[in-house]
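Note sheet for the following structure.
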Amino acid sequence: GAGVSQTPSNKVTEKGKYVELRCDPISGHTALYWYRQSLGQGPEFLIYFQGTGAADDSGLPNDRFFAVRPEGSVSTLKIQRTERGDSAVYLCASSTGHYNEQFFGPGTRLTVL
Amino acid sequence: GEDVEQSLFLSVREGDSSVINCTYTDSSSTYLYWYKQEPGAGLQLLTYIFSNMDMKQDQRLTVLLNKKDKHLSLRIADTQTGDSAIYFCAGTNTDKLIFGTGTRLQVFP
């Protein structure tokens, strides 16, 4: 079946602009996660959704970052007033629940010029 | 919070065994995982071990967990060129995965 998909695969934007990154989880997966991977580093947790609600957003670096999952399926990560330091690969994962295997998407590479 | 460390690079000859090491600080991690990341591809879960286990074997993969020393290792037997990738260990005791910095494995003929 289809895995986790993320769009766009690449996004180049200018400093100060607003961007939206989309994640389509595996059908039926109730848990959805966003991670950020900077060059040469491991992924860092941003936010976790269980259903429609954000169960843990402790990894969001500041209030420029926001994520939604209005219908408990697709999620959008929104970044306002982008900065060059936001450049990274943003990874989405989904799972059937707590402690269950997280299946990762291919990521969106964000470059802020 | 949890801190997970790995050596950055490992180079092995095809057919030899590879051992990738990981140390972590938070002993409350319930599960410990090994992920593989190939260029341009998403993270792939290779194997995992529950914190009350010492060892787990899965075909060519052997995971060893030393809870006293907070040390986790992944042994790949008969390493192949297709095993060249970055390997991440990760732990979790809540909802999030805490990843190490990754070990780049290079397999040469």
Side-chain angles (χ1 to χ4, degrees), chain A residues 2-10 21 23-26 29-51 53-61 67 69 88-109, chain B residues 1-9 20-26 28-53 56 58 61 63 72 74 85-106:
Chain A
V4 177
S5 62
Q6 294 185 244
T7 54
S9 55
N10 280 284
L21 312 180
C23 172
D24 278 88
I26 294 171
H29 280 194
T30 56
L32 185 145
Y33 308 79
W34 284 99
Y35 294 83
R36 178 168 72 173
Q37 186 175 19
S38 300
L39 190 64
Q41 301 294 317
E44 293 179 303
F45 170 79
L46 294 176
I47 186 170
Y48 153 59
F49 287 90
Q50 182 59 47
D56 183 351
D57 64 357
S58 62
L60 295 178
R69 195 186 185 199
V89 175
Y90 289 80
L91 298 168
C92 177
S94 70
S95 77
T96 55
H98 243 24
Y99 293 129
N100 294 343
E101 178 180 354
Q102 294 185 26
F103 293 85
F104 282 81
T108 293
R109 180 175 298 276
Chain B
E2 174 78 280
D3 189 26
V4 182
E5 294 187 356
Q6 300 178 239
S7 53
L8 291 179
F9 190 75
I20 303 171
N21 295 301
C22 172
T23 57
Y24 57 96
T25 57
D26 188 351
S28 65
S29 289
T30 308
Y31 288 90
L32 293 149
Y33 303 84
W34 283 103
Y35 280 84
K36 178 182 181 183
Q37 187 174 45
E38 295 177 275
L43 287 160
Q44 175 193 356
L45 178 65
L46 289 177
T47 187
Y48 66 93
I49 189 168
F50 191 55
S51 59
N52 68 355
M53 297 169 65
K56 180 178 180 180
D58 184 359
L61 305 178
V63 179
L72 181 73
L74 174 70
I86 300 176
Y87 290 80
F88 293 94
C89 63
T92 183
N93 65 343
T94 56
D95 46 50
K96 62 176 79 72
L97 291 171
I98 308 296
F99 286 88
T101 50
T103 299
R104 181 178 295 275
L105 174 64
Q106 182 177 26

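The basis for the numbers below is simple: all heavy atoms, side chains too, and nothing from hydrogens, waters or symmetry mates. In what follows, chains carry the letters A, B, and so on, assigned in the order in which the sequence lines appear, proteins first and then strands, with residues in each chain numbered from 1. Just so it is clear, the model here is predicted, and its values are computed rather than measured.
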Item to check | Minimum-distance pair of heavy atoms, taken over all atoms of Phe88(B) and Gly42(A) | outcome: CE2-CA, 3.3 Å
Next on the checklist: I'd like to verify something: which residue of Ile86(B), Thr101(B), Leu43(B), Leu45(B) has the highest number of heavy-atom pairs under 4.5 Å with chain A?
Outcome noted: Leu43(B)
Checklist entry - Side chain, backbone, both or neither: which part of Gln102(A) has an atom under 4.5 Å from a heavy atom of chain B? => result both
Item to check | Portion of Tyr48(B) that has a non-hydrogen atom of chain A nearer than 4.5 angstrom | outcome: neither
Item to check | chain A contact via Gln44(B) - which portion, at a heavy-atom distance below 4.5 Å | outcome: neither
Checklist entry - Hey, would you say the Tyr35(A) and Phe99(B) ring centroids sit under 6.0 Å apart? => result yes
Checklist entry - Hey, mind stepping through Leu97(B) and Phe104(A) against side chain to side chain contact (heavy atoms under 4.5 Å, CB included) and telling me if it holds? => result CA-CA 12 Å; Leu97(B) 291 171; Phe104(A) 282 81; 4.2 Å; yes
Checklist entry - Hey, what do you get for CG (Leu91(A)) to CD (Gln37(B)), rounding to the nearest 0.5 Å? => result 7.0 Å
Item to check | Contact leader toward chain B among Val4(A), Asp56(A), Ile47(A), where contacts are heavy-atom pairs under 4.5 Å | outcome: Asp56(A)
Checklist entry - With a 4.5 angstrom heavy-atom cut-off, which part of Ser58(A) approaches chain B: side chain, backbone, both or neither? => result side chain
